[in-house]
Amino acid sequence: MNSPLWSNVVSELTPYVPGEQPKGEGLIKLNTNENPYGPSPKVISAIAAVLNDSLRLYPDPTALQLRETIANYYRLIPEQVFVGNGSDEVLAFVFQGLLAHGKPIIFPDISYSFYPVYCQLYGIEYQTIALDDALRIQAEDYISPLLPKIGGIIFPNPNAPTSRLLPLDEIEKIVAAHPAIVVVIDEAYIDFGGETAIPLIARYPNVLITQSLSKSRALAGLRVGLALGHPALIEALVRIKDSFNSYPLDRLALAGAKAAFEDHDYFSSICARIIEARSALTEALQQRGFEVLPSGANFLFVQHPQNAGLTLYQGLRAHHVIVRHFNKPRISEYLRITVGTPAENSALLAALDLLLTA
Ligand SMILES: *Cc1c(COP(=O)(O)O)cnc(C)c1O
């Protein structure tokens, strides 16, 4: 459908397609990298404690208490912290406020599929840089003298959907080579064993790090994301926010997110369980002939030499296990599988045992 009532930009858009959120019961959902465990019980109590008449009042537009809590947690100051309605919203502000300079921006050819959508929404040109044959980011490709004049750089670390982690010294090379543009590290999955780039903030005013409470803190339903960087970068995001929606985080989200950062023990225990389940699942898939990319995330990116990606995706679906398949160049033989609970992972393996042909 297309309507003459639409603006030009809407007619041209190709929106992002989120992973399926099935209505039916009894499905094993390993398709959107949600946490298989619930949030900290302290998060639930903190939200319950603000479920009262205070909801008649607007929330704090500056989210100061939450920003102070996050700043303490990472040994930053609140002026280095921005929070928004999921890191997708934070990223939208980053594209509009820090990456749009009338020059192309660059990101990997295989990466978070929201990036080209933001480019289209905000009229930002982009060029993609091919991952190497092992689907790794090569830092040299991002500092090459052959690059055109660029307006900014963004990539996830670990990368999605490949799950591969780029070491911090490689990231630093990219950030250091581009003092005049913003380099954004999307750390949606960094808590699953990766090394965060936050220490670079003290030395590089051009690095911005985004994180999400949706994966490692089990709060995809609350919609909270953050950006960390030099106060001048954070100020740009605040200016966009205050020109769009002064209150992106409601009272429940502010209370729940603060409690999530205050319960470090719960957070580290669920991350440790997922990391342990990730190694067990990696080994079990390798025993069944899968090639599994080394993962620094809460998902695996796998392919099987004798079984097509799409066939396995459809077969698993018929056995009530949902994973993600991308019908895209270079990765159409792969499946992206979220690491679930040990029981969910066993159900996945049992379904694969019925499907795999040697
Ligand atoms: C999940 C994800 C996000 C978005 O997270 P939300 O906070 O839920 O909006 C951003 N970047 C990448 C790479 C992701 O996988």
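FYI, side chains are in, hydrogens and waters are out, and symmetry mates aren't considered; it's all heavy atoms of this structure. First listed ligand is number 1; within each ligand, the first listed atom is number 1.
Residue contacts with ligand 1 do not include Glu89, since none of its heavy atoms lies under 4.0 Å from the ligand.
Salt bridge present: Lys29 and Glu34 bring a charged side-chain N and a carboxylate O closer than 4.0 Å. The pair Glu170-Arg136 does not count as a salt bridge, with every side-chain nitrogen at least 4.0 angstrom from each carboxylate oxygen.
Contact annotation: for Tyr189 versus ligand 1, heavy atoms closer than 4.0 Å belong to the side chain alone. Here Asp88 has heavy atoms under 4.0 Å from ligand 1 in both its backbone and its side chain.
With distances taken over non-hydrogen atoms, the option nearest atom 5 (O) of ligand 1 out of Gly86, Ser111, Pro158, Ser87 is Ser87. Between Glu187, Lys215, Gln211, it is Lys215 that holds the heavy atom closest to atom 3 (C) of ligand 1.
Side-chain atoms of Tyr313 and Asn327 include no donor-acceptor pair closer than 3.5 Å. Residues Tyr189 and Asn33 bring a donor and an acceptor atom of their side chains to less than 3.5 Å of each other.
Summary of contacts: the protein heavy atom closest to atom 8 (O) of ligand 1 is Ser214 OG, 2.6 Å. Protein heavy atom closest to atom 13 (C) of ligand 1, with residue, atom name and distance, is Asp186 OD2, 3.4 Å.
The atoms of ligand 1 that sit less than 4.0 Å from any heavy atom of Arg223 are 6 (P), 8 (O), 9 (O). Contact atoms of ligand 1 toward Ala188: 2 (C), 11 (N), 12 (C), 14 (C) (distance under 4.0 Å to a heavy atom of the residue).
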Step-by-step side-chain contact (heavy atoms from CB on, under 4.5 Å) determination, Leu168 to Leu200: CA-CA 9 Å; Leu168 187 52; Leu200 298 184; 4.0 Å; yes
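In this structure, Arg278 forms no cation-pi arrangement with Phe192, as its terminal cationic atom is not both closer than 6.0 Å to the ring centre and no more than 45° off the ring axis.
The only option from Ile331, Leu335, Ile337 that meets the side chain to side chain contact (heavy atoms under 4.5 Å, CB included) definition with Phe301 turns out to be Ile331.
Considering backbone and side-chain atoms alike, Ser212 places an N or O below 3.5 Å from some N or O of ligand 1.
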